[in-house]
Amino acid sequence: MYRIHNKCRICSGEEMDEVLDLGLMPLANDFCDAHQEHSGYAPLKLLWCPRCTLAQLSVVVNPNILYYNYPYVTSKSQTMLEHFSVLTGDLMVECGKKSVVEIGSNDGTLLEYFAKLGFDKVVGIEPADNLRTLAKKRGIESYRGFFTEATALDVVDEIGFTDLVIARHVFCHIDNWHAAIHALGVLCGKDTVIAIEVPYFPDTIAKVEWDQVYHEHLSYMTIPAMQAALEGSMLHLSKVTHYPIHGGAIVMLLKRNDCGIQPGSLESPKVTLADLHKFAESQALQVKYLRSTVLSHVAEGKRVVGYGASAKSTQWIQACGFTRKQIKWVCDNTQQKQYKLMPGSDIPVVDEGALTRELPDYAICFAWNFAEEIMTKEKIFKAKGGKWIIPHGEIKIV
Ligand code: TYD
Ligand code: ZN
C-alpha cells in the first residue's frame, strides 16, 4: 500500500529532521459505502530537509489506491470562485488569453472558467475517470492519466504549446519532482507561462494548519525548495504571488530559461528548526483542546456534529480519536461523499440540510477555509442557538 520515503525528493539529502508524527492514519479521502472495506492505514510523519528546505512525508502511498475513484471535486463555493476570478485575471496579465492546459483538471471547474473568459483552447489532464466524466459533461476534454512525459508529449503532439499551463494543488501530490519538471519542460514553449499553485509551507506552520498534512500531500513547498528543484532544468522561477485561499497559498510562475526575460529577485521567509518544533507543539495542544472541548460538551448531553467532510476533517477526527459517540455526523455538499462513511472513524457523511433539520448544539467547521461563507449561509443554525467551533489556529467557538 505504501513505501518508505527517506531521501529528499529534490536534493537527495538523507539527513531529514522529523517535524511531526501523526501515527497511523487512514487515507483522508477514503470515503466508503457501508458494505465496502476501507483501504487501510498508513504511517503519517512529516520530515524536513534542511538542505533544500522541502518538508515531505516519510511514506508514499500507492497513487492508484489514493486516486482511483477520487471524491474531491473542486469547490464551487463563492470563496473559490472569487479566488478563480482574481487568479485568472492575474494570469491573463502574464500570458494573454488564448490557450491553457490544466494538470490535475479535476471536474473541469477552472477550465470552464477559462473558457468563459474567452480562451479558445482549454484542455485538461486528469487521472480520475469519474472526474474526467464530470468535466466532459461541462464540455471540457481531458487527457487520461497522471502527469508524465508521455502525457505531455501527447498533448503537445495534438494541440501544440499553449500560452498557459496551470497546476493547482498538484505539485504537493507528486512523488518524482524531477520527472514532473522534465515533463513540464516538454509542455512548455518559449513563451509559455507555467503557473503552479500550492499551499505555502511558511503559512502552514505559522498558522498551525497541521490538518493539511495527509497522505496525498507528499511535499510542503517553500520558495528555495522550488528553486532547488528547478536547478539544472530548462525552467526557472520567475515570480511568486501569495493568495489567502486554503489558509495561505502561493502561485509560482515558471518560464523557460531561454524566454528572454530576466527573473526578478524573490524573497522568502526563512523557516527555522525552532519554528518547526513550535508547530509540532502547537499541533498537540490544538488536538488536546478540541478533544477535551468536545468530550465535555458531549458529557453535558450536547449534540456535536461536523461541517465539511474535508480531508482536514479526517485528520482532526482521527487525531482526536472521535467516533459517532462524540460526532453524530459530518455534513457536506459533495454528492460523492454524502451517505458514505468517514475514513477510519466510520462517522456517517450526510447532506448539508441536516444542520437546519437537526439543529445540533455545536458544529465543528472542518472546512475552516470557507468558514465565513458557511457561517453566513447557515444563519438558521446560529439563530436557533447553535455554536460553531472553528479548528484553525487558536480554536475559536463562535
Ligand atoms: P476543502 O477545504 O476544499 O478540501 P480538503 O478536502 O483538501 O481539506 O474541503 C471542503 C469540504 O467542505 C468539501 O468537501 C466541500 C465542503 N463544503 C460544504 O459542504 N459546504 C460549503 O458551503 C463549502 C464551502 C464546502
Ligand atoms: Zn532536500
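One-based numbering, in listed order, for ligands and for the atoms of each. Just so it is clear, the structure is predicted and the values come from calculations on it, not from any experiment.
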If you measure from each non-hydrogen atom of Ala311 to ligand 1, which part falls under 4.0 Å: side chain, backbone, both or neither?
-> both
Can you tell me which residue and heavy atom of the protein come closest to atom 16 (C) of ligand 1, and the distance to 0.1 Å?
-> Asp332 OD2, 3.2 Å
Got an N/O contact under 3.5 Å between Asn29 and ligand 1?
-> no
salt_bridge(Glu358, Arg303) N-O dist < 4.0 Å | no
One finds that the ligand 1 atoms under 4.0 Å from a non-hydrogen atom of Ser77 are 24 (C)
Near Lys76 NZ, under 6.0 Å, is it more than 12 heavy atoms from other residues, nucleotides or ligands?
-> yes
No-hydrogen, no-angle side-chain donor-acceptor test under 3.5 Å, His215 and Tyr2 | no
Specify the protein heavy atom at minimum distance from atom 7 (O) of ligand 1: its residue, its atom name, and the distance to 0.1 Å.
-> Tyr214 OH, 3.1 Å
Do NZ/NE/NH1/NH2 and the carboxylate oxygens of Arg324 and Asp346 come within less than 4.0 Å?
-> no
Between Thr151 and Asp154, is any side-chain donor less than 3.5 angstrom from a side-chain acceptor?
-> no
Considering only the protein, which heavy-atom contact is closest to atom 17 (N) of ligand 1, and what is its distance?
-> Asn333 OD1, 3.5 Å
Could you check Lys7, His5, Lys45 and say which one makes a side-chain hydrogen bond (donor to acceptor under 3.5 Å, both in side chains) with Gln56?
-> His5
At a cut-off of 2.8 Å, protein N/O/S around the Zn ion (ligand 2) gives Cys8 SG, Cys11 SG, Cys49 SG, Cys52 SG
Numbered atoms and elements of ligand 1 in range of Ile374, under 4.0 angstrom, heavy atoms | 21 (C), 22 (O), 23 (C)
Is there at least one pair of N or O atoms, one from Phe370 and one from ligand 1, spaced under 3.5 Å apart?
-> no
Enumerated ligand 1 atoms positioned under 4.0 Å from heavy atoms of Gly308 = 12 (O)
Closest heavy-atom pair, Asp203 versus Gly248, reported as atoms and distance to 0.1 Å, is OD2-CA, 3.1 Å
What about His246: any of its N or O atoms under 3.5 Å from an N or O on ligand 1?
-> no
Taking side chain as C-beta onward, heavy atoms only, is Lys98 less than 4.5 Å from Lys121?
-> no
Would you please indicate yes or no on a ring centroid separation below 6.0 angstrom for Trp316 and Phe322?
-> no
Which residue holds the protein heavy atom closest to atom 9 (O) of ligand 1, what is that atom called, and what is the gap in Å?
-> Ser310 CB, 3.5 Å
Quick one: look up the protein heavy atom nearest atom 4 (O) of ligand 1 and list residue, atom name and how far away it is.
-> Tyr72 CE1, 3.3 Å
Return yes when Phe31 approaches ligand 1 closer than 4.0 angstrom through a heavy atom, no otherwise.
-> no
Within 4.0 Å of some non-hydrogen atom of Ala367, the atoms of ligand 1 are 10 (C), 12 (O)
Determine, using the 4.5 Å side-chain heavy-atom cutoff (strictly less than), whether Val86 and Phe370 are members of one ILVMFWY cluster.
-> yes
Close N or O approach (Lys377, ligand 1; < 3.5 Å) = yes
The ring pair (Phe, Tyr, Trp, His ring centres under 6.0 Å) partner of His217 among His246, His169, His173 is His173
Nitrogen or oxygen atoms of Tyr307 and ligand 1 under 3.5 Å apart | no
Taking 4.0 angstrom as the limit, do Asp129 and Arg144 come out as a salt bridge?
-> yes
Starting from atom 20 (N) of ligand 1, which protein heavy atom do you reach first, and at what distance in Å?
-> Glu352 OE2, 2.6 Å
If you measure only the distance, is there a donor-acceptor pair under 3.5 Å linking the side chains of Asn29 and Glu216?
-> yes
Is any side-chain N of the basic residue among Lys239 and Asp90 closer than 4.0 Å to the acidic one's carboxylate O?
-> no
So, does Glu373 sit close enough to ligand 1 that a heavy atom of it is under 4.0 Å from the ligand?
-> no
Do NZ/NE/NH1/NH2 and the carboxylate oxygens of Arg357 and Asp351 come within less than 4.0 Å?
-> yes
Verify the distance criterion only: is there a donor paired with an acceptor across the side chains of Glu197 and Tyr243 at less than 3.5 Å?
-> no
Counting each atom of ligand 1 from 1 as listed, which ones have a heavy atom of Asn369 under 4.0 Å away?
-> 1 (P), 2 (O)
Ligand 1 versus Met80: contacting region, heavy-atom distance under 4.0 Å | neither
So which heavy atom in the protein is nearest atom 8 (O) of ligand 1, and how far is it from that ligand atom?
-> Lys312 NZ, 2.8 Å
Below 4.0 angstrom from a heavy atom of Lys337, which ligand 1 atoms are there? Numbered from 1 as shown, please.
-> 13 (C), 14 (O)
Look at the side-chain heavy atoms of Ile, Leu, Val, Met, Phe, Trp and Tyr, link any pair under 4.5 Å apart, and say whether Leu285 and Trp368 land in one connected group.
-> no
